[in-house]
Amino acid sequence: MPEGHSIHRVAKALTLAFAEPKEPHGKVAPVHASSPQGRFAAGATLMDGQRLAPAHAWGKHLFVPFEEDQRYLHVHLGLYGSWTFQADPRQAAKLPPVIGAPRVTVGEDQRTTGTAGDPASSSPKADPNAHEESWQWPEPKGQVRLRLANDYLLADLSGPTKCQILDPEGRQAIINRLGPDPLRNEPGDEDRFVKLVRAKKSPIGQLVMDQSVVAGPGNIYRAECLFRTGINPWRPGQKVSEKRLRQLWKDLVAGLADGFDMGLIYTRLPELELLEQAEPTRLVGQEVPEREERFYVYQRDGQACLKCGTTVKMEVMQARKLFYCPGCQR
DNA sequence: GATACATGAAAAG
DNA sequence: TTTTCCTGTATCC
């Protein structure tokens, strides 16, 4: 259950795990690919033995290029797909930090094996002869569509809505129908976002989740960013002022970047006054509270708005639950 | 054991 | 607008 920030993190994790040489001056080791579940058997065969190049994401789409072949693995997690990373507990010293972090996050679902919660203690000193024998990869748990593995790390993919091998044209066709990605934030993206929104009369709450308008945000960011910028989700795109849309773009940039850095969505600023600042405040570095205290409006329907006290509303928009404060968002 | 639900998107009607 | 697809977890009998 991932929004764009999770996919960018997975791209980074896959790159660190499978697209960077493990020894100085070494080559990238070929990846072992398989489909324990069987539903991606043909694709896994194509991938098995390939050297992988650095992965990248555009919105919620993940692309993993093959180094010596002009093709890509393309994955979209859909509503409940996930990646699970595991590491050889004896090789902790070689693990890239993004993998070693002791956390389990829905959607990317990273976890470490070995000493729970403390990767640093989990082993360089373990068994001096350990490296003599290769790591026994653990049995896949549940429905694993694709398993990627090398001598140190393993990534299991389950439940994706899309998992396929694409040629460059196939990849480009997907990117062509995506809007700007706030995590890429390239020159001109803000203008493109503003123009796309202002050309439509559908409600802004719908447009923020429309991947051809902006690629990355999902249901949580939609609710939270519209609250943070004080925009009513039912307001037609055309009728949102350019000023507010520029504010909204910048808020999405900051919000998704925070999600990327923290590995979870945390959007509720420590002080309400920070909401009024010209530039959005970044939350990375802050201590992360319990889930119930991370959001302003998401799943807070029936409770009092933290800013104005009005009861937070839940309505259904495009078959998804929409949360907002009718008092603050007009 | 059911059943409901989830951070999504495309196809079908 | 409704249905369909993909899976794991929580909650309720």
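Since we're looking at a predicted model, the values are computed, not measured. A note on names: the letters A, B, ... follow the listed sequences, proteins ahead of strands, and every chain is numbered from 1.
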The side chain of [X] is closest to which nucleotide in this list: [options]?
X      : options             : result
A:T161 : C:dG8, C:dC5, B:dT7 : C:dC5
A:K60  : C:dT7, B:dT7, B:dA9 : B:dA9
A:R291 : C:dT7, C:dT9, B:dT7 : B:dT7

Separation of atom [atom1] in [X] from atom [atom2] in [N], rounded to whole Å:
X      : N     : atom1 : atom2 : result
A:L79  : C:dT3 : CG    : P     : 17 Å
A:R39  : C:dC5 : CZ    : C1'   : 8 Å
A:Y266 : B:dT7 : OH    : C1'   : 18 Å
A:L207 : B:dG8 : CG    : P     : 16 Å
A:I174 : B:dA9 : CD1   : P     : 12 Å
A:D301 : B:dC5 : CG    : P     : 12 Å
A:L178 : B:dG8 : CG    : C1'   : 13 Å
A:Q299 : B:dC5 : CD    : C1'   : 10 Å

* **Nearest-angstrom distance, P atom, B:dA9 to C:dT9** =>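 Nearest-Å result for B:dA9 against C:dT9 at atom P: 22 Å.
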
* To do: Could you measure between the two P atoms, the one in B:dA10 and the one in C:dG8, and give it in whole Å?
  => 23 Å

* **Straight-line distance of A:S6 OG to A:F260 CZ, nearest 0.5 Å** => 10.5 Å

Answer with base, sugar-phosphate or nothing: what part of the nucleic acid does [X] contact at a heavy-atom distance below 4.0 Å?
X      : value
A:Q37  : sugar-phosphate
A:R222 : nothing
A:R145 : sugar-phosphate
A:Y221 : nothing

* To do: State plainly whether the residues A:K321 and A:D301 are in salt-bridge range, i.e. N to O under 4.0 Å.
  =>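 No, A:K321 and A:D301 are not salt-bridged.
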
* Lys/Arg N to Asp/Glu carboxylate O, A:R51 vs A:E68, below 4.0 Å ->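 Salt bridge between A:R51 and A:E68, a charged N being under 4.0 Å from a carboxylate O: yes.
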
* Return the minimal non-hydrogen interatomic distance between A:V31 and A:M47, and the atom names on each side. =>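 Taking A:V31 first and A:M47 second, the nearest heavy atoms are CG1-O, 3.9 Å.
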
Phosphate contact ([N] OP1 or OP2) by [X] side-chain N/O below 4.0 Å:
X      : N     : value
A:R177 : B:dA9 : no
A:R320 : B:dT7 : yes
A:K162 : B:dG8 : no
A:H76  : B:dG8 : no

* Using the six-membered ring of A:Y266, assess whether NZ or CZ of A:R294 lies under 6.0 Å from its centre and within 45 degrees of the ring axis. => no

* When you look at A:H8 and A:D181, which way does the side-chain hydrogen bond (donor to acceptor under 3.5 Å, both in side chains) test go after all the steps? -> CA-CA 11 Å; A:H8 282 262; A:D181 178 348; 2.7 Å; yes

